[in-house]
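Data block below; observations after.
This structure is a prediction, so every number in the text was calculated from the model and none was measured. The basis for the numbers below is simple: all heavy atoms, side chains too, and nothing from hydrogens, waters or symmetry mates. Throughout, a chain's letter reflects where its sequence line sits, starting with A, and its residues are numbered from 1.
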Amino acid sequence: MRCLYYPGEGSAVVSVPPEQVLERVHAGTGLLWLDLDGEVEAASESLLSGFGFHPLAIDDALNESHVPKIDDYDDYLYVVLHAVEFQPEASDVRTHELDIFAGRTYLVTHHIERLPALETVWSMAQRGERHVVRGADFLLYELADRVVTGFMPVMDGLDEVIDQIEDEVFSDPTPRTLSRIFELKRAVLHLRRIIAPEREVLNRLARDEYAVIDPRERIYFRDVYDHLVRLYDINEALRDLVGGALDTYLSVTSNRINEIVKVLTVVTTALMPPTLIASFFGMNFLNLPFLNQPWGWVVALSLIIITFVGPLLYLRQRGWW
Amino acid sequence: MRCLYYPGEGSAVVSVPPEQVLERVHAGTGLLWLDLDGEVEAASESLLSGFGFHPLAIDDALNESHVPKIDDYDDYLYVVLHAVEFQPEASDVRTHELDIFAGRTYLVTHHIERLPALETVWSMAQRGERHVVRGADFLLYELADRVVTGFMPVMDGLDEVIDQIEDEVFSDPTPRTLSRIFELKRAVLHLRRIIAPEREVLNRLARDEYAVIDPRERIYFRDVYDHLVRLYDINEALRDLVGGALDTYLSVTSNRINEIVKVLTVVTTALMPPTLIASFFGMNFLNLPFLNQPWGWVVALSLIIITFVGPLLYLRQRGWW
Amino acid sequence: MRCLYYPGEGSAVVSVPPEQVLERVHAGTGLLWLDLDGEVEAASESLLSGFGFHPLAIDDALNESHVPKIDDYDDYLYVVLHAVEFQPEASDVRTHELDIFAGRTYLVTHHIERLPALETVWSMAQRGERHVVRGADFLLYELADRVVTGFMPVMDGLDEVIDQIEDEVFSDPTPRTLSRIFELKRAVLHLRRIIAPEREVLNRLARDEYAVIDPRERIYFRDVYDHLVRLYDINEALRDLVGGALDTYLSVTSNRINEIVKVLTVVTTALMPPTLIASFFGMNFLNLPFLNQPWGWVVALSLIIITFVGPLLYLRQRGWW
Amino acid sequence: MRCLYYPGEGSAVVSVPPEQVLERVHAGTGLLWLDLDGEVEAASESLLSGFGFHPLAIDDALNESHVPKIDDYDDYLYVVLHAVEFQPEASDVRTHELDIFAGRTYLVTHHIERLPALETVWSMAQRGERHVVRGADFLLYELADRVVTGFMPVMDGLDEVIDQIEDEVFSDPTPRTLSRIFELKRAVLHLRRIIAPEREVLNRLARDEYAVIDPRERIYFRDVYDHLVRLYDINEALRDLVGGALDTYLSVTSNRINEIVKVLTVVTTALMPPTLIASFFGMNFLNLPFLNQPWGWVVALSLIIITFVGPLLYLRQRGWW
Amino acid sequence: MRCLYYPGEGSAVVSVPPEQVLERVHAGTGLLWLDLDGEVEAASESLLSGFGFHPLAIDDALNESHVPKIDDYDDYLYVVLHAVEFQPEASDVRTHELDIFAGRTYLVTHHIERLPALETVWSMAQRGERHVVRGADFLLYELADRVVTGFMPVMDGLDEVIDQIEDEVFSDPTPRTLSRIFELKRAVLHLRRIIAPEREVLNRLARDEYAVIDPRERIYFRDVYDHLVRLYDINEALRDLVGGALDTYLSVTSNRINEIVKVLTVVTTALMPPTLIASFFGMNFLNLPFLNQPWGWVVALSLIIITFVGPLLYLRQRGWW
């Protein structure tokens, strides 16, 4: 648990010890940011109650709830956002939940893992950068903006892996390729299930009237929203690519069977007739035609060659090899 | 049939005999909960009429109607919810219907089977737990919350079975695997058909104005609604997984045919030419070339080995084995 | 053509001869039900004009129009409903159109075939059952209710046939199975195209303000609407089952090819090498190794057995048989 | 270019020479219908400007714009409709654009090809049929009605071709069948892209308030709209049929491979073992067992028969032939 | 960077040096068009700030944002459009972003590459063509119109390539064909992702009230919107064609396997039995039947021919060759 406090224009940002947090909040001036890291103990839970948050909201915040959402409690907003992280070795996407209570003069954040996006904004706030400490709504915007910006490298990572796999599918498709395609498909669907509601959250921040957000600042949330629209778009494009890779896999496999069976048929068609000829002249009838002529074997060999070359030429013409 | 009655703040919860139920209800104070278990006899049916419920609503309540819904009759709400139960051995999901009439001072529930969710709330109400007996709307919330909470283990169970099947598909797919995939698909679709309208019911409880529900309590139903949104989401993810398992099954099968045909082709291509050579020298022409040379068989054997190894090497190079 | 007339509370229902129909209608009291059966002749057509119906509505009523719909002409409603009938031998669903003009004091129905649903209501009306002759809107409700109730046995019939086919697909799929699956698919899609607009018609009867329908009776139409919602739901479930049967068919077929090719490959792999060995020792070189040893054939036989059993064991290990 | 003019009740319809058209229009009484056929020359273009049409609308009318639409310019409507024509030999659907400017006292139509629907209405107007010359909105209705009625034979034609192809798919599927399926699919999709916006145009004519259309006449456009709803429905049914034909094609092909491979496997399994036996006894070892017994060949023959019949019986039992 | 200025009716269009741009804009009369080409340097960035644009809008304009959109800042509009370019050799579609700030008396455009559409409008403006310099909204319309007109040749190019590929699929499908199909699919999806939001932008320009756009001019944007609706339609048709090509590819491949396996089976079925016969009479039993008859070989040859021709005739009858 850590806490920053910015008394107002001209003052410096200060750290606040836990026992003074509620006192500062109830004063109702300046800007306070309380960040709860990791699993929350009873102490912090009672602290949250001290803010006056609804028990249901606190409950949601302390449990992982998996879907970005926004609840309006008039005096404060409860916002759930998700940051994402790409794990290329497993073609997997991990998501980290960030719970935010945004009041007029304070922001309370909670997350289990360390979030790079939040750390960046935290140090900006610590340095008292003007556009960050302008108000709780600006802090919220900065957080949302950084979280969403963090999606782009994930998309790029997925794109790269899909590129690799597309090449693999055409050059050397194996069951391993198949299972990677399905991993990717899952990752892309996972992302979609995060981006779609996150986009909706930002849309509401950009459009709805909230007591906590200055109408003139909505344009900033609109900007993040536009960003998410574009991310959703890119994600859909990735989904098409993955779907295409799967279709290609199946087509390429089907094609290969085609080619393999062609080889089998060509070989069989070319070799069975001469084998029959040879077997014919291997019969033990003493007076088999040609058998007793000295040039008999030439006839046999000719027949063998004809029945071997004939089908080959015919299939060549039909383009089978 | 069983009935609880809570006269108000400070009093204890008491059991009410069937003949006094209507009297208490018409008094219009306190909180009464009537629970009808199993098939309903004529007696209970006339009791329900005594509450003043619309004949159509009673009809719906006594027959299984299969779809969660909410009907507003001004003085009371008629709500149908569904609890679910997972049967892992059959990869199947069973649903149990719970019919609820919610008035301002009473709650009437009806169900055929024993519902764990209802039993839990019943014993809480029996103990007179404060947040339960605060009003009929709170009782309704508690019931809805427990019913919905009961979906999660079902989802987890399905998820586990899907995991098993995905492994099976890659390692050893059999027609049994296929029929299990279809069972799962059906279970997931069944769940979807329950969750989607149940979500809609909660949405309406959270948004619409009902005389029976205190506007300030709507936030509680909103919480259950959020839970159902998340469940729907998880269910969609499960659907994707099952669909993916089916695609994988088909791809893996197609891949296997590929491999089997490859083996067939390699074997045929490697063995037919030497067999032809051997048959050739098995012809009974006396003056067949090489036949009468003592080293003739070496030539034949060489030819056999060359025509055997040659195709093998060629196909090796093309990566067929 | 037949006509019933109910003068009002306490009176008996009487049959009305065609020439008196318009007179009774224009009197504007009581309740009159005119039923036109089969193809309509010019006489009945002019009768309909006598009611004051719009020429377009009469036109629609006399021609089969194929889609349930509702048109509001202020003084009267023109409603098209469809009853269904299942023909198990052909896995087919037939629909029968029922055209209804509903005024405040009369109901005019028209249909080509005999409809069991209508006959039931007709005899109830003849007996003067109170809840039927309460008004034209109640007659309309009863008709709609019976028509919709008639869908359920059709659904059950389809369900049963689908069950049979699912078993058939796993046990013994033939092209006949395939064509039955497609017949079922068509039947289910046909039903959907009836249920969806019929649901919409009932929805409008339950929600919109019509001069002809007492607002207090709307709850009855809402009940029929709920029934249709559930039917739509069941139909969608049937559609999933049929779709699943098709997928299963394809998977099972693909699986069978797999197994057949496996057998082919095992047989070929086990028998080609020993045949080569036997052909080798069938060559006519006099000094072929082992040929002149008395134990030579044992060597050959051993080689044959080894090259026969070896591949069999190897493929056994790979689980091919 | 041709022009009709109907001065009003009681008068006869007269032909108007081009130079008098604008004069009559600006008089603002009676009903004038100007029909522009084929490619439009500069003269007609300036004529259109004389009507006071917006340059953009004239532009749209003179160029083929491919999508039915309606634009409201207050004083007049600009409507684009499409008539269709079926070409059974190519399984193709052709569409003909009809541009209509509808003012209060005039109608201007433009089309490239001769449209049977328009010709019918033209001769009705020439004969001065009362319901046609009642007003520009009635003329518009008649045109729309005839154009839409013309879709039905196209649908029937497609239906017939689909029936043929379905039979073909089950009896004797060839690549030609496949390409016809795709032609049909394209035709059905083409129709959909016409019907959907055309339906929307009629919907707007039936619902929206246009100065040009008498509110009491809207019911007529509603009738055409209902017709288009039904056509859309039938077209969707055709789409399902075509999709089903494609699925059937694939399933039947897959089934055939199955059967062919079965034959191959049965033949191979039955004939390879006896061939091995025969080759075995064809080895040139002098003291091969049984070889020197007079009954030896009976043993060999028995072995050959057993190894031939054994697999056949076994596969028969498994139902492979 | 380049700039045009049109003082008003009767004056000539003049070029404006960078340092006078802001001065002219703030005068608030006439019409000014500033075009920023390529990557923007700090100088131009500060120029944009001088216009009073919102920092977020400037940010979006200077970075490629990939999705057409429109933002309303009251005094000015920020519009992003995309022009497209077809690259037939790669079956690929490239898009070029065009950022536009449209105020009442000025237009600022920014793009990285040279856009033919913009160049055309620029030279029209330079020549002072009346309908172009009528106002900023007309300039905007002209730009949008030209950009959208530029989509048509791209569509045509795609259509042509799809035609080629369809022929290829039926005549000679190779993996190269497959990968081209997927390239096309991607291109079509790419186009859709541009056209859909671009259509939405134009829809808003044609419907919403913007201070910058004269309500009477909206009809022009409506025209561009109609054009985009049609383009979207054509693109969907292309998508169907590409999807059909993929389906055809798979069907044709499956068909080929069918044919190949048929040939294999016919060859095997025709040649294995005579080979068995020949091997039979090649056994070294001295008293094998017929072996010692002079006409014995005729029997053998007859058997060989019968077992060769028999299966061939049978399979001929079944239509396998």
Side-chain angles (χ1 to χ4, degrees), chain A residues 131 166 169-170 219-220 222-224 226-227 229-230 232-234 236-237 240-241 243-245 247-248 250-252 254-273 275-289 291 307 311 315 318-320, chain E residues 54 56-57 59-60 65-67 69 71 73 172-175 178-179 181-182 185-186 189-190 193 197 246 249-250 253-254 256-257 260-265 267-268 270-272 274-286 288 290-298 300-301 304 308:
Chain A
H131 66 280
E166 284 196 321
V169 163
F170 271 106
I219 188 98
Y220 289 95
R222 163 89 202 184
D223 197 60
V224 184
D226 282 347
H227 202 154
V229 168
R230 200 178 126 204
Y232 187 83
D233 217 60
I234 294 171
E236 289 297 282
D240 287 335
L241 289 180
D247 279 356
T248 316
L250 286 171
S251 317
V252 167
S254 169
N255 238 38
R256 297 231 156 171
I257 294 181
N258 206 320
E259 295 216 345
I260 294 165
V261 175
K262 250 185 208 165
V263 168
L264 177 61
T265 305
V266 168
V267 166
T268 305
T269 309
L271 288 170
M272 276 195 127
T275 305
L276 174 58
I277 302 295
S279 299
F280 181 83
F281 290 108
M283 293 196 295
N284 293 326
F285 296 100
L286 291 174
N287 57 343
L288 205 64
L291 210 62
T307 53
L315 295 178
R318 284 181 61 177
W320 286 28
Chain E
H54 196 286
L56 283 173
D59 225 59
D60 277 355
S65 83
H66 294 298
V67 186
K69 67 167 184 172
D71 285 341
Y73 290 89
D172 179 29
T174 64
L178 192 62
S179 79
I181 291 175
F182 283 109
K185 199 179 161 192
R186 213 167 299 176
L189 287 169
H190 188 183
R193 272 192 286 273
L246 185 56
Y249 183 91
L250 286 171
T253 305
S254 169
R256 297 233 155 169
I257 294 180
I260 293 164
V261 175
K262 251 186 208 164
V263 169
L264 177 61
T265 305
V267 166
T268 305
L271 289 171
M272 276 195 127
T275 305
L276 173 58
I277 302 294
S279 300
F280 181 82
F281 289 107
M283 292 196 295
N284 293 325
F285 297 101
L286 291 175
L288 204 63
F290 308 111
L291 210 61
N292 297 318
Q293 270 69 29
W295 41 265
W297 69 270
V298 182
L301 185 58
I304 284 177
F308 175 71

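- Looking at E/I181, neither its backbone nor its side chain comes within 4.5 Å of chain A, counting heavy atoms on both sides.
- E/D71 touches chain A through its side chain: at least one heavy atom from C-beta onward sits under 4.5 Å away, while N, CA, C and O do not.
- Looking at E/D59, there are no atoms closer than 4.5 Å to chain A (heavy atoms on both sides), in backbone or side chain.
- In this structure, the portions of A/I219 lying under 4.5 Å from any heavy atom of chain E include both its backbone and its side chain.
- For a residue to count as touching a neighbouring chain, one of its non-hydrogen atoms must lie under 4.5 Å from one of that chain's; by this rule E/I260 touches chain A with backbone and side chain alike.
- Both the backbone and the side chain of E/I257 come within contact range of chain A, each with at least one heavy atom under 4.5 Å from a heavy atom of that chain.
- Interface remark: E/F290 contributes backbone and side-chain atoms alike to the contact with chain A (heavy atom separation under 4.5 Å).
- Counting heavy-atom pairs closer than 4.5 Å to chain A, the top residue among E/N292, E/T275, E/L264 is E/L264.
- For E/H190, no part lies under 4.5 angstrom from a heavy atom of chain A.
- Pairing each heavy atom of E/P294 with each of A/N287, the nearest pair is O-ND2, 2.5 Å.
- In terms of non-hydrogen atom pairs under 4.5 Å with chain E, the most contact-rich of A/T248, A/T269, A/L286 is A/T248.
- In this structure, chain E has heavy atoms under 4.5 Å from both the backbone and the side chain of A/F280.
- Of the two parts of A/L241, only the side chain, counted from C-beta on, holds a non-hydrogen atom closer than 4.5 Å to a non-hydrogen atom of chain E.
- Contact of E/T265 with chain A is not made at all, since no heavy-atom distance falls under 4.5 Å.
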* Step by step, would you call E/W297 with A/L291 a side chain to side chain contact (heavy atoms under 4.5 Å, CB included)? -> CA-CA 11 Å; E/W297 69 270; A/L291 210 62; over 6 Å; no

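- Within the 3.5 Å criterion, the main-chain N or O of E/S254 finds no donor-acceptor partner in the side chain of A/N258.
- Within the 4.5 angstrom heavy-atom criterion, only side-chain atoms of A/D226, from C-beta onward, approach chain E.
- In this structure the side chain of A/L250 never reaches within 4.5 angstrom of the side chain of E/L250, judged on heavy atoms.
- Heavy-atom distances place the side chain of E/L189, and not its backbone, under 4.5 Å from chain A.
- Residues A/F285 and E/G296 share a closest heavy-atom pair of CE2-C, 3.3 Å.
- In this structure, chain E has no heavy atom under 4.5 Å from any part of A/E259.
- One distance of note links OH of A/Y220 with NE2 of E/H54; it measures 4.0 Å at 0.5 Å rounding.
- Counting all heavy atoms, side chain and backbone alike, E/A278 lies closest to A/M283 at O-CG, 3.3 Å.
- Rounded to the nearest 0.5 angstrom, E/T174 OG1 and A/N255 CG are separated by 8.0 Å.
- Of the residues considered (A/D240, A/L276, A/N284, A/D247), A/N284 shows the highest number of contacts with chain E, using heavy-atom pairs under 4.5 Å.
- Proximity to chain A is limited to the side chain of E/Y249, based on heavy atoms less than 4.5 angstrom apart.
- Of all non-hydrogen atoms in A/M272 and E/T268, the two that sit nearest each other are SD-CA, 3.9 Å.
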